[in-house]
Participant: 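Take this structure first; my questions come after.
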Amino acid sequence: MKPAEAKAPRRPPARGTGSAPDPAAEPRPERRLDWHAYFMNIARQVATRSTCDRKHVGAVIVRDKTILSTGYNGSIRGMPHCDDIGHDIEGGHCVATIHAEANAILQAAKNGVMIEGAELYTTASPCWGCFKLIANAGIRKIFYGEFYRDQKSLEVARRLGIDLIDLAPAGPAGAAKTGAGPAERSGGTGRARGGCDWQGPED
C-alpha cells in the first residue's frame, strides 16, 4: 500500500483578496473634522429647530470642548410660532422671537450651568442686543458662520477684548478671520436678508 499522502495545510487568503467587501461597512471620512467645524455644524443643526422662517439661527455654548447649552430663535414659551400664524412685524422686523444666542444663555441659566469664560458658536454674528447679553454673561470668544448686519458689536468687542471670529470660508484655504468686517461677506453694505428683529445700531 502506498503511504498516505500528507495534506497541505490550508493558508488564510491574503488580505485584500478572496472576499468581497462588506456592504454594511461605512466608508471612513477623508479627514476628521476640527473642533470649530464640529461645533459650527452642531449650531447649524440646532438652527433647523428655529420657528421663524425669516432667518434660522442656531447657537452653541462650549467650554473645554464640551457643550453646555444650545439655543435657536423661536417664540416665547407657550406662544404660537411665527411659522404657524405669521410674523409680528414692527419697523419692518419680526419681534415675536427670542434670538438663538439669548435662548442659549437663558437655557444655561434655567439649568444652573455656569457659562462664564465659555465660548459661543453661532451661525450668524450676534445683533447688538444679543452681544450685550453675551458680554455680560462672561463669554469671551464668539465664533460665527456669517456676518449679520451689526458692525457695532465688532467695534465694541475689540474694546472689551472679546474675540469675534469669522468661520465663514475665506479663499481656497477656508481660514478663519478674526474681527472680519461686513464688506468681505456682504458686498460692503454690512447687511443680510431676513432676521427676527435683527437690527443694527443705525436702524
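Scope of the values below: all heavy atoms of this structure, side chains included, with no hydrogens, waters or symmetry mates. Keep in mind it's a predicted model, so treat the numbers as computed, not measured.
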Participant: Would you indicate whether the side-chain heavy atoms of L167 and Y144 approach each other to under 4.5 Å?
Facilitator: no

Participant: Checking N111 now: which residues fulfil side chain to side chain contact (heavy atoms under 4.5 Å, CB included) with it, not counting sequence neighbours?
Facilitator: Q107, V113

Participant: Report yes if some heavy atom in the side chain of I61 is under 4.5 Å from a heavy atom in the side chain of T70; otherwise report no.
Facilitator: no

Participant: Is there side-chain contact between R44 and M40, with heavy atoms separated by less than 4.5 Å?
Facilitator: yes

Participant: With side chains defined as the heavy atoms from C-beta onward, is the minimum distance between E155 and R159 less than 4.5 Å?
Facilitator: no

Participant: Just wondering, do M114 and R63 contact through their side chains at under 4.5 Å, heavy atoms?
Facilitator: yes

Participant: Could you tell me which non-hydrogen atom of H56 sits nearest to which non-hydrogen atom of S50, and how far apart they are?
Facilitator: CD2-OG, 3.5 Å

Participant: Is there a side-chain contact between I142 and D163 in this structure, where contact means two heavy atoms from C-beta onward sitting under 4.5 Å apart?
Facilitator: no

Participant: Please name all residues satisfying ring-ring contact (aromatic ring centres under 6.0 Å, His included) with Y72, sequence neighbours left out, ordered by chain then number.
Facilitator: none

Participant: Would you please name every residue forming a side chain to side chain contact (heavy atoms under 4.5 Å, CB included) with L33, sequence neighbours left out?
Facilitator: A37, N41

Participant: Show me the side-chain donor-acceptor pairs of residues 131-141 shorter than 3.5 Å, one per line, residues at least two apart or across chains.
Facilitator:
residue: R140; atom: NH2; partner: L160; partner atom: O; Å: 2.9

Participant: Is there a side-chain contact between P126 and L164 in this structure, where contact means two heavy atoms from C-beta onward sitting under 4.5 Å apart?
Facilitator: yes

Participant: So which heavy atom on A102 is nearest to which on C130, and how close?
Facilitator: N-SG, 4.1 Å

Participant: Got V156 and W128 here, is their nearest side-chain heavy-atom distance under 4.5 Å?
Facilitator: yes

Participant: Answer yes if W35 and I165 sit in the same cluster of Ile, Leu, Val, Met, Phe, Trp and Tyr residues linked by side chain heavy atoms under 4.5 Å apart, and no otherwise.
Facilitator: yes

